[in-house]
2 protein chains.
Amino acid sequence: MNYIMNKLAPVCEVQIIDRVKVKKTKAKLPHSDETSQIAGIFKLLGDPTRLKIILALIENELCVCDLAAVINSTVSAVSHQLRLLKSEKLIKFRKDGKMAYYSIDDNHIKNLIDQLREHLNE
Amino acid sequence: MNYIMNKLAPVCEVQIIDRVKVKKTKAKLPHSDETSQIAGIFKLLGDPTRLKIILALIENELCVCDLAAVINSTVSAVSHQLRLLKSEKLIKFRKDGKMAYYSIDDNHIKNLIDQLREHLNE
DNA sequence: TGTATATTTGAACAATCATTCAAATGAATT
DNA sequence: AATTCATTTGAATGATTGTTCAAATATACA
């Protein structure tokens, strides 16, 4: 078997060295939908703007324009990212007149970030 | 002050509602370089291919082609992502003849992923 | 009702990025 | 020395994405 044969089935049929180890490892992985879910949360935290928004909201409930001021961004850019964070239930908001006050909806996120920060500060 | 004035300085001069709160919140944020560092790690974990690689390596030390087989990807795609994970010291590798065996270099990562998984499975 | 303002939204744009393919490298085997 | 094979690498491609700008909502206030 060589790479020319593999061209017919580009993904799932590469050379395998240790079939037993591959099978055992594969069996221990989370299912594909759980993996996507985990990656999805990490991805949200992986953008500096979104991370700053979350770090700010961990400290205080804030309206959109104050949030923009805190993280040195624009109202529009912040609003777009708030939508993503809201849709994944990481944050929530309440309306008060014209204002929208955003806050953390998911308390586990703070622990997650704290854990990583502790690690990086070792 | 209105939006037309802000066009001259598009970022740092938006309307601020509560200056005290903004200043206090700003003071509590991590410095910009620490924020980038945190986001950088989360970003690496935020891609399904890279996350699967890490999940697989948590279970077993694996060579590149077995890793590709485990996560149903190609050797080349995996190799490219391994480079990124290696450069951020999340994984390491040892050479054995033609083979390269990769493994986890950062034990905190497992805890981080476990913590998120526990949270999602509530 | 008309104006001001806080927020949201959609389209456009540029930048980033993951994957693919082909070629190169490096090490074992014959 | 030539061949095979595991891995790496670079360029190209297509897709995703964060930001910007302008316009639309929506609420308060005069």
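Letters A, B, ... are given to chains in the order of the sequence lines, protein chains preceding strands, and every chain is numbered from 1.
Both cation-pi conditions hold for B:K86 and B:F93: the charged atom is under 6.0 angstrom from the six-membered ring centre and inside a 45 degree cone around its axis.
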Discussion item. For a side chain to side chain contact (heavy atoms under 4.5 Å, CB included) check, start with the C-alpha distance between A:N72 and B:K26, then their side-chain angles and the critical distance, and finish with the verdict.
Written reply: CA-CA 10 Å; A:N72 294 308; B:K26 225 170 174 172; 3.6 Å; yes
Worksheet item: Between A:V20 and A:K23, does a side chain to side chain contact (heavy atoms under 4.5 Å, CB included) hold up when you go through it step by step?
Response: CA-CA 5 Å; A:V20 176; A:K23 198 167 184 182; 5.9 Å; no
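A close approach under 4.0 Å does not occur between any side-chain nitrogen or oxygen of A:S79 and OP1 or OP2 of C:dT7. Between A:Y102 and C:dA6 there is no side-chain polar atom (N or O) within less than 4.0 angstrom of OP1 or OP2. Proximity of B:S76 to the phosphate of C:dT20: no side-chain N or O atom is located under 4.0 Å from OP1 or OP2. Between A:Q15 and D:dA6 there is a side-chain N or O to OP1 or OP2 distance below 4.0 Å.
For B:I16 and C:dT7, the CD1 to P distance is 12 Å, given to the nearest whole Å. Computed from coordinates, the B:E88 CD to C:dC17 P distance equals 12 Å when rounded to whole Å. In this structure, CG of B:D96 is placed 8 Å from P of C:dA28, rounded to the nearest angstrom. Counting to the nearest Å, the P atom of D:dA6 and the NZ atom of B:K98 are 6 Å from each other. A straight line from CG of B:L82 to P of C:dA18 spans 13 Å, rounded to a whole angstrom. To the nearest angstrom, P of D:dT4 lies 17 Å from CD1 of A:I17. Rounded to a whole Å, the NZ atom of B:K86 is 8 Å from the C1' atom of D:dT8. Going from atom CG of B:L51 over to atom P of C:dA18 covers 13 Å, rounded to whole Å.
Residue contacts for A:F93: at a heavy-atom cut-off of 4.0 Å it reaches no nucleic acid atom on any strand shown.
What you find for A:G46 and A:P48 is that their closest heavy atoms are O-CD, 3.9 Å.
Both A:K95 and B:K95 lie close to DNA chain D; mapped to their nearest nucleotides by heavy-atom distance, the more 5′-ward contact belongs to B:K95.
Transitive grouping of hydrophobic side chains (ILVMFWY, heavy atoms separated by less than 4.5 Å) keeps B:I53 and A:I17 in distinct clusters. Linking Ile, Leu, Val, Met, Phe, Trp and Tyr whenever their side-chain heavy atoms come within less than 4.5 Å leaves B:M99 and B:I71 in two separate clusters. Under the 4.5 Å side-chain contact rule for hydrophobic residues, A:L84 and A:L62 share a cluster.
When the nucleotides C:dT9, D:dT7, C:dT7 are ranked by their closest atom to the side chain of A:R83, C:dT9 comes out on top.
Using a cut-off of 4.0 Å between Lys/Arg side-chain N and Asp/Glu carboxylate O, A:K24 and B:E59 are scored as not salt-bridged.
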Practice prompt. At under 4.0 Å between heavy atoms, which parts of nucleotides 13-19 of chain D does protein reach? Answer with one letter per nucleotide, 5' to 3': B base, S sugar-phosphate only, - none.
Written response: ----SSS
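Taking the screw axis at each terminus of the helix from C:dT1-D:dA30 to C:dT30-D:dA1 from five consecutive base pairs, the angle between the two is 10° to within rounding of 10 degrees.
Contact of the A:L29 side chain with the A:T35 side chain is not registered, since no non-hydrogen atoms from C-beta on lie closer than 4.5 Å.
In this structure, a donor-acceptor pair under 3.5 Å is present between the side chains of A:H119 and B:D106.
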